[in-house]
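Hydrogens, waters and symmetry mates play no part in the numbers below; they use all other heavy atoms, side chains included. Reminder, nothing fancy here: chain letters follow the sequence lines and each chain counts from 1.
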Amino acid sequence: MADFIQPRTLKGFRDLSPDQAYRRANLVRALEDVFRSHGYAPIDTPAMEYAEILKGKGGETSDKELFEWTDKGGREVALRFDLTVPLARYVAEHQGKLTFPFRRYHMGPVWRGERPQRGRFREFWQCDADIIGPETATADAEILVLMIDAYAALDVGSVTIRVNDRRVLTGMLDKLGVLDAAVPVLRALDKREKLGDEVSRLEIAEVEGLTESAADRILDLTRKRANDDETLAVLKDAVGDNERGLAGIETLERARELVAAAGKPASSLVIDPGIARGLDYYTGIVLEAQLDALPDIGSVGSGGRYDDLAGLYTKSRLPGVGCSVGIDRLLAALDELEAGGRGAAPAVLVTNPGDERLPEAFRFAAALRAAGISCEVFPDTAKHKAQMRYADKRGIPYVVTPDEGGTFFLKRLSDGATRTCASGADAVGWIAS
RNA sequence: GUGACUGUAGCUCAGUUGGUUAGAGCGCCGGAUUGUGGUUCCGGAGGUCGCGGGUUCGAAUCCCGUCAGUCACCCCA
């Protein structure tokens, strides 16, 4: 008879405990505050789209990672793998009703059929902010400032944001007469940090039209320098009078200037010509955020400029720039660092004084809540000791016991301080202070 | 998607060349003490050895499959 279905979750999918869900909710809330403070408004789109909307956007590889199937009505459908493509569809579809520049943020789950690993899931949340319309370094700088503010608000430790502009490298390749080599070279450069110069060098040298000496030069030019000024000087020299490359460098310089003007510490941003990340659709600046305390968990956020994202859906030219914060990876990192605080516990436990006097407990609890103090009444007439232990385990800082005769006995668990209050108002006052 | 490794109580792990009723610490539950918890003492519950199949007189220990996790590739938040 007892042939139960085994309770389990799908590969790469997972449950969030109250502690984890609490932390995620806090991160989401903090991000929303930051996004709104920059003038961004939320939108929402369906988790599922017509497969044709999603396919072919992030390159062939993201097609492979797509969860797609045929629905019962015979439609080819798929789950979104990011929030940027749905944004492109949204903007193309509703462009007549939108005001540009269009700033929106969007938070929700996305799905990718990758093989799971640490900090890497098949279902995870992204929190995106994008600005559609302006094709300016000003907008690029705005996104950088926004992202710096976002991580500052999240309280997840120090984060390094690295920026680059794809036009710098493509400008360099243009000069070498191998503009088409941009994608494979970017890919090879991306591996450098993990696999070392030699691996990247060989891979670049194999790209059509490139030689080993060209590979050496590319690797040298995109090396990390002591500081941004030095980096920019080297890049400027490398790019020469190539228009595309110069545009990239000017953008980086301008963005840096504006970020500094916004009062952000210089350390919050590093110009790193070696970062190439991102989907194929990035055309200008690209950025990537890493936790300083746990860099090997991967990037915890990224972004960049895409000047032709909605091109598949509309004639209109809809350039944009945006960023994405990966809160699930942040959450995984916080788990490992055992940071991020405990789960949601109310400020006060009102003990259950027995069925007869339970109304007193409810009345007092209501008064606490009215004063803005979260609380709960123990829902069972368990022994007092059990109720205390419950409060201790959940990390509830105060316990209040309604006594006979209308007084209240309070205890602060952190230091064991106790107090008898003549009235509920007294008790509320003591806790509030 | 490709390759490799791992899978024993809630958690971290022991489990000898395959051999009788699978162990520990922590946690959990109960009791005593503590003026109402966190200390200390006593007691207790809890394991389909991931799952399925095979080899064997006999498997947590060997083989195959499967599911899940981890790592590398790929890619990325």
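Picking from C76(B), C75(B), G37(B) the nucleotide with the shortest atom distance to the side chain of M388(A) gives G37(B). Looking at the side chain of K393(A), the nearest of the listed nucleotides G37(B), C28(B), A77(B) is C28(B). Listed nucleotides: A77(B), U33(B), C75(B). Nearest to the side chain of K385(A): U33(B). Side-chain atoms of D392(A) lie closest to G38(B) of the nucleotides C75(B), G38(B), C29(B).
A donor-acceptor contact under 3.5 angstrom links the side chains of T160(A) and D292(A), judged on distance only.
Among the atoms of the strands shown, base atoms are found under 4.0 Å from some heavy atom of G416(A). Counting any heavy atom pair closer than 4.0 Å across all strands shown, G298(A) reaches no nucleic acid atom.
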Checklist entry - How does protein contact run along nucleotides 66-73 of chain B, one letter per nucleotide 5' to 3', with B for base contact, S for sugar-phosphate only, - for none, heavy atoms under 4.0 Å? => result -SSSSBBB
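In this structure, K383(A) reaches the G31(B) phosphate: one of its side-chain N or O atoms is under 4.0 Å from OP1 or OP2.
One can place CG of N352(A) at 18 Å from P of G37(B), the figure rounded to the nearest angstrom. Rounded to an integer number of Å, the gap from R162(A) CZ to A77(B) P is 14 Å. Taking atom CG on D296(A) and atom P on C76(B), their separation rounds to 19 Å, with Å as the unit.
By the 4.0 Å N-to-carboxylate-O rule, R80(A) lies too far from E49(A) to be salt-bridged with it. Between D82(A) and R112(A) there is no salt bridge, since no side-chain nitrogen of the basic residue lies less than 4.0 Å from a carboxylate oxygen of the acidic one.
Consecutive pairing runs in RNA chain B reach the stem threshold at B:1-7 with B:67-73, B:10-13 with B:23-26, B:28-32 with B:40-44, B:50-54 with B:62-66, where a stem means at least three Watson-Crick or G-U wobble pairs with distances under 3.5 Å.
Between the side chain of E123(A) and the base of A77(B) there is no donor-acceptor pair of N/O atoms closer than 3.5 Å.
Nearest-nucleotide assignment on RNA chain B puts the 5′-proximal partner with S414(A), out of S414(A) and E203(A).
The shortest distance between side-chain heavy atoms of R419(A) and R412(A) does not fall below 4.5 Å.
Residues meeting the side chain to side chain contact (heavy atoms under 4.5 Å, CB included) test with P397(A), sequence neighbours left out: none.
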